[in-house]
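Given the structure is predicted, the values throughout are model-derived calculations rather than measurements. Excluded from the calculations below are hydrogen atoms, water molecules and symmetry mates; all remaining heavy atoms, backbone and side chain alike, are included. Chain naming here is simple, since letters A, B, ... match the order of the sequence lines and numbering starts at 1 in each.
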Amino acid sequence: MPSFLAEQTSIWYQKNARDLPWRHEGVGAWAILISEVMLQQTPVSRVLTVWQEWIERWPSPADLAAEPAGEAIRAWGRLGYPRRAMRLHECAGEIVRRHGGEVPDELDKLLALPGIGDYTARAVLSFAFGQRHPVVDTNVRRVVSRVHHGVEDRAIGLAEVAELLPLGQSDAALASAALMELGAVVCAARSPRCGVCPVMAECRWKQLGSPQPEKPFRRPQSYAGTDRQVRGLLLAVLRESAAPVPRHRLDLVWPDGVQRERALQSLLADGLVQAQSCDVFLLPDSTPAQ
DNA sequence: ATCCGGTTGT
DNA sequence: ACAACTGGAT
C-alpha cells in the first residue's frame with residue numbers, strides 16, 4: 001500500500017537529499033554498514049571525517065579483521081560509544097569467517113552479526129542492496145507518529161512502516177531513505193520546519209497544532225560526573241598513547257579513585273582495554289586469530 | 001528498563 | 001543547563 005507519505009517524501013527527497021558520501025554511486029555494502037554503525041546516536045557532521053578515514057584504511061572487512069581491535073578503537077576517535085568500534089571489528093571478523101568476506105544480503109545473517117540490530121540490518125539491506133524492508137529509527141518513528149497519528153511519541157512498529165512502503169524494492173528503499181531524511185532535516189524533534197514539508201497538507205500533527213509530547217518522568221542524568229565521562233577520559237589517554245600506559249598516568253584524569261577504578265574495570269570487562277600487567281594498560285593489541 | 005560518549009544547538 | 005543526535009546489548 002503505497003502511502004501519500006511515502007510517495008510525496010520520495011519525490012521531495014530526490015530534489016532535496018543531502019549529498020552524503022555514503023550515498024554516492026558505487027559505495028559498497030561494507031562502507032555503508034560502517035556509516036550506519038557510526039551514525040547510531042551520532043550526528044552526520046561528526047561522522048563524515050572518521051568514516052572517510054575508515055573506508056580508506058579498511059576498504060574491506062578482511063582489512064579491518066586483520067588488525068587488532070585496538071586499532072579500530074583508536075581510529076574511532078571521539079565519536080562516542082566506543083563499544084561500537086569493537087563490535088565493528090568483531091563484525092568484520094565474522095563476515096570473513098562465516099560469509100567469505102562479503103557483507104551478507106540476508107536479514108537473519110545480518111542480525112546475527114555483533115553490533116547489528118533491527119535498525120542497522122534493515123538499513124544495510126535497503127541502502128546497500130536496494131531491498132524492501134521497514135527501516136525504523138528515531139526519525140522514521142517521529143515522522144510516522146506525527147503525520148499519521150498526530151502525536152509525538154506513539155510506538156511505531158516494523159509492520160506499520162512496512163505497510164506504508166511502496167511495493168517495488170528500489171522504490172521502497174528510496175522511500176526509507178526519504179523518510180529518514182525528512183525526519184533529520186525537516187520533521188526535526190525540536191524545531192520542525194513545517195513550512196517546507198512535502199506532507200504538511202496531510203499531517204495530523206500539524207492539523208492538531210503541533211502538540212508537544214507528554215513527558216512522564218525523566219531523570220536529569222547529566223553527563224558530567226558520570227561513569228561514562230570517566231570511561232571516556234581514561235580511554236582518551238590510552239587512545240592517544242602509542243605505548244602501554246602505567247596506572248599512575250590514568251590516575252591523573254579523575255580525582256575520585258573509587259569511581260576511576262570502577263570505570264577502568266568496566267572498560268576491561270567490555271574488552272575495550274587490556275591489562276598488560278597489573279599496573280600497565282593498553283588498547284587490545286592481540287592480532288585476531290585466523 | 002538501563003547502560004553506554006561526546007558534541008552541538010537551543 | 002538541556003535535549004538531541006539515522007541504536008544495540010544486557
Side-chain angles (χ1 to χ4, degrees), chain A residues 9 13 17-18 20-23 32-51 73 76-88 90-91 110-128 133-144 152-153 155-156 158 161 173 175-193 212-213 215-239 253-254 262-263 265-267 269-273:
Chain A
T9 304
Y13 178 80
R18 290 169 293 178
L20 303 178
W22 42 85
R23 290 175 176 169
I32 290 176
L33 188 156
I34 293 173
S35 79
E36 292 299 338
V37 172
M38 288 183 171
L39 287 162
Q40 293 168 4
Q41 305 290 282
T42 309
V44 166
S45 61
R46 290 178 44 218
V47 167
L48 289 168
T49 60
V50 182
W51 179 81
I73 296 168
W76 195 252
R78 300 182 163 214
L79 280 186
Y81 296 122
R83 290 188 297 189
R84 290 183 291 171
M86 199 181 54
R87 292 190 184 125
L88 209 34
E90 296 172 10
C91 182
L110 281 168
L111 286 172
L113 294 171
I116 309 297
D118 284 331
Y119 163 75
T120 307
R122 291 174 175 83
V124 169
L125 292 175
S126 298
F127 307 144
H133 294 276
V135 181
V136 183
D137 73 332
T138 182
N139 285 319
V140 173
R141 214 168 267 125
R142 185 175 56 250
V143 168
V144 174
E152 184 82 30
D153 55 2
I156 301 296
L158 293 173
V161 175
S176 290
L179 289 171
M180 293 182 61
E181 187 78 350
L182 188 73
V185 175
V186 174
C187 195
R190 198 60 63 84
S191 306
R193 302 166 56 204
Q212 292 307 110
K215 294 252 179 176
F217 189 68
R218 188 153 300 229
R219 290 288 175 196
Q221 173 121 23
S222 63
Y223 175 57
T226 61
D227 285 6
R228 277 162 121 165
Q229 185 188 21
V230 182
R231 283 168 56 105
L233 293 170
L234 293 172
L235 204 56
V237 174
L238 295 166
R239 226 173 26 225
V253 303
W254 194 253
R262 186 170 65 232
Q265 289 305 321
S266 74
L267 287 169
D270 285 346
L272 285 164
V273 174

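- Note on A:Y223: a side-chain N or O is less than 4.0 Å away from OP1 or OP2 of B:dG6.
- Distance A:M86 CE to C:dG8 C1': 12 Å, rounded to the nearest Å.
- Among the nucleotides C:dA3, C:dC5, B:dC4, the one closest to any side-chain atom of A:A189 is C:dC5.
- Among the heavy atoms of the strands lying under 4.0 Å from A:T138 are primed sugar atoms or P, OP1, OP2 only; no base atom is included.
- Along DNA chain C, the nucleotide closest to A:R142 and the one closest to A:L111 are compared, and the more 5′ of them pairs with A:R142.
- Atoms CD and CG, on A:E181 and A:L20 in that order, are 6.5 Å from each other to the nearest 0.5 Å.
- The nucleotide whose nearest atom lies closest to any side-chain atom of A:Q40 is, among C:dC5, B:dC4, C:dG8, C:dG8.
- A:V47 comes within 4.0 angstrom of no nucleic acid atom, judged by non-hydrogen atoms across all strands.
- When rounded to the nearest whole Å, the span between CD of A:Q229 and P of C:dA1 equals 14 Å.
- Note on A:I116: only backbone sugar-phosphate atoms sit closer than 4.0 angstrom, heavy atoms only; bases stay farther off.
- Base engagement by A:R83 is indicated by at least one non-hydrogen atom pair under 4.0 Å involving a base atom.
- The 12-atom threshold is exceeded at CZ of A:R23, counting heavy atoms of other residues, nucleotides or ligands nearer than 6.0 Å.
- Spacing between B:dC4 and C:dA1 at atom P, rounded to whole Å, works out to 23 Å.
- Atom-to-atom, CD of A:E152 to P of C:dA4 comes out at 8 Å; the value is rounded to the nearest Å.
- For A:S176 and A:R122, the side-chain atoms include no donor-acceptor pair closer than 3.5 Å.
- In this structure, A:S45 and A:Y81 both approach DNA chain B, and ranking their closest nucleotides by distance from the 5' end singles out A:Y81.
- In this structure, CG in A:L88 is found 7.0 Å from CD1 in A:I116, a value given to the nearest 0.5 Å.
- Put simply, the side chain of A:R46 and the base of B:dG6 share a donor and an acceptor less than 3.5 Å apart.
- When rounded to the nearest whole Å, the span between CG of A:L272 and C1' of C:dG8 equals 14 Å.
- At the heavy-atom level, A:R122 lies nowhere under 4.0 Å from the strands shown.
- Taking each heavy atom of A:R193 and A:V185 in turn, the nearest pair found is NH1-O, 3.5 Å.
- Here B:dG5 presents its P atom at 11 Å from CZ of A:R239, a figure rounded to the nearest Å.
- B:dT7 and C:dG8 are spaced 23 Å apart, taking the P atom of each and rounding to whole Å.
- Map A:P43 and A:R87 each onto its nearest nucleotide of DNA chain C; the residue landing nearer the 5' end is A:P43.
- Atom CZ of A:R83 is separated from atom CG of A:L267 by 10.0 Å, given to the nearest 0.5 angstrom.
- Of the candidate nucleotides C:dG7, C:dA4, C:dC5, C:dG7 has the atom nearest to the side chain of A:D137.
- Residues from residues 176-186 of chain A that place a heavy atom under 4.0 Å from any atom of DNA chain C, listed by number: A:M180.
- No engagement by A:W76 is indicated, since no non-hydrogen atom pair under 4.0 Å with the nucleic acid exists.
- Judged by distance alone, with hydrogens and angles left aside, the side-chain atoms of A:R142 form a donor-acceptor pair with the main-chain N or O of A:C187 at under 3.5 Å.
- Across all strands, A:G117 comes closer than 4.0 Å only to sugar-phosphate atoms, never to a base (heavy-atom distances).
- Within the 4.0 angstrom heavy-atom criterion, only backbone atoms of the sugar-phosphate kind lie near A:T120; the bases stay farther away.
- Atom CD of A:Q212 is separated from atom P of C:dC2 by 18 Å (rounded to the nearest Å).
- Look at A:R84 and you won't find any side-chain N or O under 4.0 angstrom from OP1 or OP2 of C:dG8.
- Among the nucleotides B:dC4, C:dC5, B:dT10, the one closest to any side-chain atom of A:N139 is C:dC5.
- Summarising the geometry, the separation between CG on A:L234 and P on B:dG5 is reported as 11 Å, rounded to the nearest angstrom.
- Remark: A:R190 pairs with no residue by the side chain to side chain donor-acceptor pair (under 3.5 Å) rule, at least two apart or across chains.
- Formation of a donor-acceptor pair under 3.5 Å by the A:R239 side chain with backbone atoms of A:I73 is not found in this model.
- Rounded to whole Å, atom P of C:dG8 lies 11 Å from atom CG of A:L33.
- In this structure, the nucleotide among C:dC5, C:dG7, B:dG6 sitting nearest to the side chain of A:Q41 is C:dG7.
- Dashed line: the shortest gap from a side-chain N or O of A:R231 to OP1 or OP2 of B:dG5 is under 4.0 Å.
- Nucleic acid contact for A:D118: sugar-phosphate only, since backbone atoms but no base atoms lie under 4.0 Å from a heavy atom of the residue.
- Put simply, CG on A:L33 and CZ on A:F127 are 12.5 Å apart, with the number rounded to the nearest 0.5 Å.
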